[in-house]
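One structure below.
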Protein chains: 2
Amino acid sequence: MHIDGDDAIQQAVRFGLFQILQAGARAEGRAIPAKGLTGPGYDGHAFWDTESFVLPLLTYSLPSAAADALKWRHSILGKARARAEQLGLSGAAFPWRTIAGEECSGYWPAGTGAFHVGADVADAVARFQLVAGDDDFARRFGTDLLVGTARLWASLGYFDAAGEFRIDGVTGPDEYSAIADNNVYTNLMAKRNLLAAIGALTAPQADRSRWPDVTDDELNTWQRAADHMRVAYDERLRVHPQADGFTDHAVWDFDGTDPSQYPLLLHFPYFDLYRKQVVKQADLVMALLRASHEFTDEQKQRDFEYYERLTVRDSSLSASIQAIIAAETGHLDLAYDYWGEAALMDLDDLEHNTRDGLHMASLAGSWLVAVAGFGGLRDTGGSLAFRPRLPAALRSLRFNLLWQGSHLNVAIGPREARYTCSGDSHIDLLHFGKAVRVGPDGTQVLAIPALPPRPRPRQPPGREPAQRGRQAE
Amino acid sequence: MHIDGDDAIQQAVRFGLFQILQAGARAEGRAIPAKGLTGPGYDGHAFWDTESFVLPLLTYSLPSAAADALKWRHSILGKARARAEQLGLSGAAFPWRTIAGEECSGYWPAGTGAFHVGADVADAVARFQLVAGDDDFARRFGTDLLVGTARLWASLGYFDAAGEFRIDGVTGPDEYSAIADNNVYTNLMAKRNLLAAIGALTAPQADRSRWPDVTDDELNTWQRAADHMRVAYDERLRVHPQADGFTDHAVWDFDGTDPSQYPLLLHFPYFDLYRKQVVKQADLVMALLRASHEFTDEQKQRDFEYYERLTVRDSSLSASIQAIIAAETGHLDLAYDYWGEAALMDLDDLEHNTRDGLHMASLAGSWLVAVAGFGGLRDTGGSLAFRPRLPAALRSLRFNLLWQGSHLNVAIGPREARYTCSGDSHIDLLHFGKAVRVGPDGTQVLAIPALPPRPRPRQPPGREPAQRGRQAE
């Protein structure tokens, strides 16, 4: 990772890469905890952060470590199946927080209720299999994980009278909401999970006979649930509500909240946070990233700007995701500001708790901002897509990815991007939606389209990120 | 209370009357706990049951005891105001369970979240003041209680973009749901609370100057909130959802539930109960009673029959309310069955826990079934209204009420009702909607209109009440 124009972030992202590799390179049969092995925070537990933040980095950088992390998930599949059964569900219910596979969260509305962890595991499996192209992993581990998690959604949701597939009473990523109907992130990730499981069982190379208990009826139900997955939309505001009814709630009184009252969870009761429009961390905005192909560009812009006004970033899981969608929606300097926060979280001890251990997700997130934010990488549509764009402060950004056995170097300048393939086979990618074939050992230099300026979105007063980019876009 | 035709219920209702008087006659400065002083159940705590079940009986039978109970509420008003402030609200937030006034519930979704307790207190105040006609009580205690609880609603709810007054993220009476938007019972009771507070401050005999901090603006806001209170209605099913979105949820799998799995709370996780259509205890049906004038007869019939199919009666607070609305909607023998359950709860130890103490609410409820169910008494419209009707098994039912200083004896037979006033002043009442004046020491004998037969509503399989009435209506 070479960042030309900001030595502090250059250092921080490399620090993050080192720490992620330190935590993940030899984890092997163990989970990668939220703090790695760097401190006592979260009691050594692993959460969805591993799959959602750490594994994308490992998948594109050290796939054997990503495979190890997913093999650990596979090793606790029996406990996840038992947990699902205990809850009256089918398939596998992965724990919200755990070391050895048992659910260790005592507060179910923000623990067991956050079923999206299963779809996050499936998302990581699908990404790993796409990027690593590892059929042996799929056969021995991946398909089991996809089938177990898909089954959970099929039993957790239901088809309502209008034929929509609903997932009621669950908790999305945002911890300032709980137990809501049809959280958009959860529903779209469940859809991806169901389709990935179908794909794994029906792909040409799949040996369906290894999963004899999955019937055609079951596959049809998964397909129907995916096709009819409910995604609410607020026609009045023309934005997606984070969950059903969210945008009908009162907006948090940001003007009446003193800067000393953040993080809000230490100063206000959950009953009040849950019932109002206030967002701890990217939730709908995370859906804009992980289910990118489900939204139009205009929806992304409107949704991002709407949720910017509500998001207080009381979680270290937020800044990197906001940075990525800020970059996609044309707010490059805002993205750059959030990048600084994600990358410097621990080196600058921004949350005053680095003594409890490093924020692995935020560190991995700072790599994600470079690759998915300024590189614009998206891989959930089945292809390797880029929409690179630099913030004004940077002269260039270069990073390396592993893709189906080849190396891809991406070098982004202000006006053009250079894709270089090292390896025996070519790499097919999309550059701003245009199909491009690179290499073997070849290079493609492609122009970056000009970006129309957009007014900078507003954040809750006092919760703006420290300005690292230019003062105004 | 004379019940001609069922000696067991006659005995049980008198047993209940004795126990309620035992618990309440000399409680004076103390709360009346859910178990009275008969056992260790609920650790001696008092709940909303006192105001909602016990106080109607005391108000019409021993008003000094009802006044004492409400004076106890007044004595903890300071703590309730402090609690509201702690929660970031105005007014008074009464505790869900308490002995000395502090909130003693540790599970906020079903404790603090159940804000309706404030409206239940206000309902009891309004009833007491209407029935007892005690201006001194109003001046010294009642208005403070009404103002404190009304203020809570004004700060807890808000006017949305469409101008509706919403109360989001609260828990209604049904403990198999929690933290929902616009629980109909809560919203309609809040409306009654707001209007009662306005009435108390603007009545001819009210001395507004004693509450100088209540501004005209505040009164106007209360009126506007009451006028625009949100009450959701499901146009497809033509029933009221218990709360927003309730009728969109999956219906509980009653056919797949074994009789040994009741009460459900001991066999299924709350996450699953909360997200489905399954009702522990009368909630929307309780709104049909306490906000009777807000519903048409047809709505009551449709709503009652809809919720009958979902209500498992895992709470002793349910049977009496179901009995009352069953009677109102023409299901007299079903009402009679529920009456047996409410009245015999402890004498027959129906829930196998009478060793923990008597169920005061159920005992008081058995009186309520006679008076509000078969007598059809409604008093929340500001008048004393009756719609008496006997189940087939009874030859007659007689009970006594105190009304504004006079005694009223109501004697109900199969075809006519006899209202007898003992006292210095007449009593104005409604008999099936027709205004009737019963003169000092006078009697009115009025015909009971014939009732068209209606098919008996269905309950979840295995959760039908034991048949006490005829086999079929």
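A, B, ... follow the sequence lines: proteins, then strands. Residue 1 opens every chain. Here the structure is a predicted model, which is why all the values come from computation and not from measurement. Atoms considered below: every heavy atom in the structure, side chains included; atoms not considered: hydrogens, waters and symmetry mates.
- The part of B/L89 that comes within reach of chain A is its side chain, from C-beta onward, which places non-hydrogen atoms under 4.5 angstrom from that chain.
- Using a 4.5 Å cut-off between heavy atoms, B/Y270 contacts chain A through both its backbone and its side chain.
- Contact count against chain B (heavy-atom pairs under 4.5 Å) is highest for A/R275 among A/R236, A/R166, A/R275.
- Of all the listed residues (A/D160, A/L87, A/D272), the one sharing the greatest number of non-hydrogen pairs under 4.5 Å with chain B is A/L87.
- For a residue to count as touching a neighbouring chain, one of its non-hydrogen atoms must lie under 4.5 Å from one of that chain's; by this rule A/D168 touches chain B with backbone and side chain alike.
- For a residue to count as touching a neighbouring chain, one of its non-hydrogen atoms must lie under 4.5 Å from one of that chain's; by this rule A/F271 touches chain B with backbone and side chain alike.
- Contacts of B/D248 with chain A are made by both backbone and side-chain atoms, with heavy-atom separations under 4.5 Å.
- Other residues, nucleotides and ligands place no more than 12 heavy atoms under 6.0 Å from the CD atom of A/E85.
- Between chain B and the options A/F159, A/Y274, A/W108, the largest number of non-hydrogen pairs under 4.5 Å is found for A/W108.
- Of the residues considered (A/G169, A/A180, A/G88), A/G169 shows the highest number of contacts with chain B, using heavy-atom pairs under 4.5 Å.
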